[in-house]
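Everything numeric in this text was worked out from a predicted model, so none of it was measured. Here, residue 1 is the first one in the sequence, and each next residue gets the next number.
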Amino acid sequence: MCLGVPMQVMSIDGETAVCEIDGVRREASLMMVDGVSVGDFVIIHAGFAIEKLDEENARETLQIFRELLARGAMPE
């Protein structure tokens with residue numbers, strides 16, 4: 001199963017961004033998405049930003065993830 005996770009871009013160095021969600025930071029390539037700036041939200045999958053999304057959509061998606069985790073509905 002593949003899962004993309006919304007994360008906020010904290011810094012950018014060339015085509016690499018440091019992204020964070022809930023205190024977890026990961027580096028991700030920005031080579032597949034144009035126009036990403038610090039503070040934007042992106043979907044991260046397998047080390048790549050694959051889509052830019054607005055903050056409201058990102059926060060709504062994260063809330064759904066958190067609710068699923070609270071119910072123990074994690075994929076194996």
Of the non-hydrogen atoms in V38 and I12, which two are nearest, and what is the gap between them?
N-CD1, 3.9 Å

With sequence neighbours left out, what residues match S29 under side-chain contact (heavy atoms from CB on, under 4.5 Å)?
M31, F48

Is the backbone of G35 close enough, under 3.5 Å, to the side chain of K52 for a donor and an acceptor to pair up by distance?
yes

Test of understanding: with side-chain contact (heavy atoms from CB on, under 4.5 Å), list the residues that count as partners of E67, not counting sequence neighbours.
Q63, R71

Nearest 0.5 Å please: distance from the CG atom of L30 over to the CD1 atom of I44.
7.5 Å

Could you go through the side chain to side chain contact (heavy atoms under 4.5 Å, CB included) check for L3 and F65 one step at a time?
CA-CA 11 Å; L3 181 64; F65 282 0; 3.9 Å; yes

Among residues at least two apart in sequence or on other chains, which ones pass side-chain contact (heavy atoms from CB on, under 4.5 Å) with D54?
E56, N57

Can you list the residues that meet the salt bridge (Lys or Arg N to Asp or Glu O under 4.0 Å) rule with E20, with sequence neighbours excluded?
R25

Is there a path of hydrophobic side-chain contacts, each under 4.5 Å between heavy atoms of I/L/V/M/F/W/Y residues, joining I21 to V33?
yes

Just by modelled atom types, is the F41 backbone N or O under 3.5 Å from a matching donor or acceptor in the Q8 side chain?
no

Sequence-distant partners of T16, side-chain contact (heavy atoms from CB on, under 4.5 Å), two or more places apart
E27

Could I get the full list of side chain to side chain donor-acceptor pair (under 3.5 Å) partners for R26, not counting sequence neighbours?
none

If you look at every heavy atom in A49 and A28, which pair is closest and at what distance?
N-CB, 4.3 Å

In terms of heavy-atom contacts, V9 and S37 come closest through CB-O, 3.8 Å

Output the distance between atom CG (L53) and atom CE (M7), rounded to the nearest 0.5 Å.
12.5 Å

